[in-house]
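Reading through the C-alpha cells given below for one structure.
Sequence positions, counted from 1, serve as the residue numbers for this chain. Just so we're clear, the structure is a prediction, and the values are computed from it rather than from any experiment. Note that ligands are numbered from 1 as they come in the structure, with each ligand's atoms numbered from 1 the same way.
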Amino acid sequence: MTRTLRNALLGNALLGAAFGLALAAGPAGAATIKVGVVAPFSGPFGVVGKSFKEAIEVYQAEHGKTVGNDTVEFIYKDLDQANPAQSKALSQELIVKEKVSFLAGYFFTPDALAVAPLIDEANIPCVIFNAATSAITEKSPRYVRTSFTLWQNTVPLAEHMAKQGIKKAISAVSDYGPGIDGEAAFKTTFEKNGGTVVDTIRMPLKSTDFAPFMQRIKDSGAEAVYAFLPAGPTTLAFAKAFNDTGLKAAGIKFFGPGDLTQEPDLPALGDAVMGITTTFNYSRAHDSAMNKAFVAKHKEMFGSYDSVTFTSVGAYDGTHVIYQMIKNSGGKIDGAKAVESVKGMSWESPRGPLTIDPDSRHVTQTIYLRTVEMVDGRLENVEKQSFPKQPDYGYKLAK
Ligand code: PHB
C-alpha cells in the first residue's frame with residue numbers, strides 16, 4: 001500500500017488517537033496509560049492469552065499498578081489463531097478507540113508483522129511477548145521483543161547434536177516464518193559442525209495429520225529429527241505421532257526448541273516426550289530464587305501454576321520493559337523515544353539475565369539445554385547445560 005493511501009486510511013484516525021491521548025491526562029497530571037494486548041484467549045491456543053494475562057497480573061501485584069502519578073491499565077483483545085488482517089483490525093481499534101500508548105502480546109509471527117505500518121504511523125511501541133521470526137524487528141524501529149528467536153534456540157541445539165556424534169539428521173518444521181528460520185538455523189549450524197541434513201520437510205501450519213511426514217522421516221535414513229511447530233495442539237499432535245508411528249521405538253532421536261515441550265502440555269504428552277532434549281530460554285523448573293518466587297506467586301494468585309511456561313516470562317519481562325519506558329518518559333510518551341530509552345537495558349528475569357540488544361531490539365539471554373524428567377510427581381524441563389549471552393543470530397542475516 002502506498003504511504004499516501006495508508007495515510008488516508010489510517011492517518012486521520014491515528015492523529016485523532018494521539019490528540020485524545022494528550023487529553024487523557026487529568027487536571028492533577030495523573031493519567032491512565034493504556035497497554036493493548038493482542039493474543040489468543042480462546043480456542044486451541046487459549047492458554048497463551050491466559051499465561052500472558054496472569055504474568056502481567058503477577059508483575060502488577062509485585063510492582064504496583066502505577067508509575068509515578070500514572071496508572072497502567074491493560075486491555076485485552078482475543079485473536080484465537082494466526083490471522084494478520086484481524087490482528088491489524090484489533091490493533092487499530094486499540095489505538096483509535098482505546099487510545100493505547102503501547103501495543104503488546106502477539107503469539108504468531110504473521111500477527112506481529114501485520115502491525116508494523118500501524119505502530120510507525122501512530123508512533124506507538126510494540127512489545128512482542130512471543131512471535132519469534134528474526135526479521136520482525138527489522139520491519140519497524142518501534143518493535144521490542146522479550147521472547148526468543150528460532151535462530152537463538154536452534155544454534156546451540158544443532159551444535160549439541162553434532163557434538164553427540166549425530167551425522168545424519170532431518171528437519172521438519174511448520175511452513176511459515178519461525179519454521180523457515182528454524183530450518184535455516186539448523187541446516188547451517190549442523191552442517192558447519194560436520195553433520196548432514198538429509199531432507200527438509202515443511203508442513204502446512206494447519207496440519208493435524210502427521211503420519212505422512214513420519215513416514216518421510218523414517219524413509220530418510222536420518223538418525224535424528226529437528227522439529228519446530230508452534231507450541232500447543234500442533235506440537236502435541238506431532239510428538240504423539242512420533243511415538244505412535246514407531247519412530248521413537250525405531251531409535252530415531254527427537255530434538256527441537258522447547259516449544260515442543262511447553263509445560264502446560266507435559267501432562268498430556270507424558271511418555272511421548274520423556275527424555276527428549278530441547279533448548280529454550282525458560283523452564284518452569286529453572287533453579288533460581290526469582291523463578292521460585294515467580295512460580296509461587298502464580299500459585300498464590302490463581303490457585304495453580306499449571307499455565308506457567310515460556311509465554312509467561314515473555315509477558316512478565318515485556319511488562320517490565322513497558323514500565324521502564326513509562327518511567328523514562330516522565331509520563332509523556334513518545335513511542336520512538338520510549339524505544340530508544342530501553343536500548344541496552346539489562347535486568348534479572350525469572351529465566352536469568354536479559355539485555356535488550358540496541359540494534360536488534362531483541363533480548364540477548366541464556367539458552368538452556370533441558371531434558372523432560374519427572375520431578376516431585378510432575379513432568380518438568382530439567383536444565384542440564386546453559387549457553388549464556390546468546391544473541392539473535394538471525395538478525396539482518398541475508399535471507
Ligand atoms: C511464531 O509464530 O512466531 C511462534 C508461535 C509459537 C511458537 C513459537 C513461535 O511456539
Quiz item: Who are the residue neighbours of ligand 1 when the rule is a heavy atom under 4.0 Å from any of its atoms?
Solution: F107, F108, T109, N130, A131, A132, F148, Y176, P178, F228, P230, A231, D259, F310
Quiz item: If you measure only the distance, is there a donor-acceptor pair under 3.5 Å linking the side chains of D392 and S134?
Solution: yes
Quiz item: Any chance the side chains of H298 and E54 put a donor and an acceptor closer than 3.5 Å?
Solution: no
Quiz item: With D199, which of R216, K187, K218 fulfils salt bridge (charged side-chain N to carboxylate O under 4.0 Å, His left out)?
Solution: R216
Tell me which donor-acceptor pairs under 3.5 Å the side chains of residues 254-261 have, and how far apart each pair is, sequence neighbours excluded?
from: T261; atom 1: OG1; to: R370; atom 2: NH2; distance (Å): 3.4
from: T261; atom 1: OG1; to: N381; atom 2: OD1; distance (Å): 2.8

Exercise. Please lay out, stage by stage, how V225 and K253 fare under the test side chain to side chain contact (heavy atoms under 4.5 Å, CB included).
Key: CA-CA 6 Å; V225 56; K253 299 191 183 81; over 6 Å; no
Quiz item: S87 side chain to N83 main-chain N or O, any donor-acceptor pair under 3.5 Å?
Solution: no
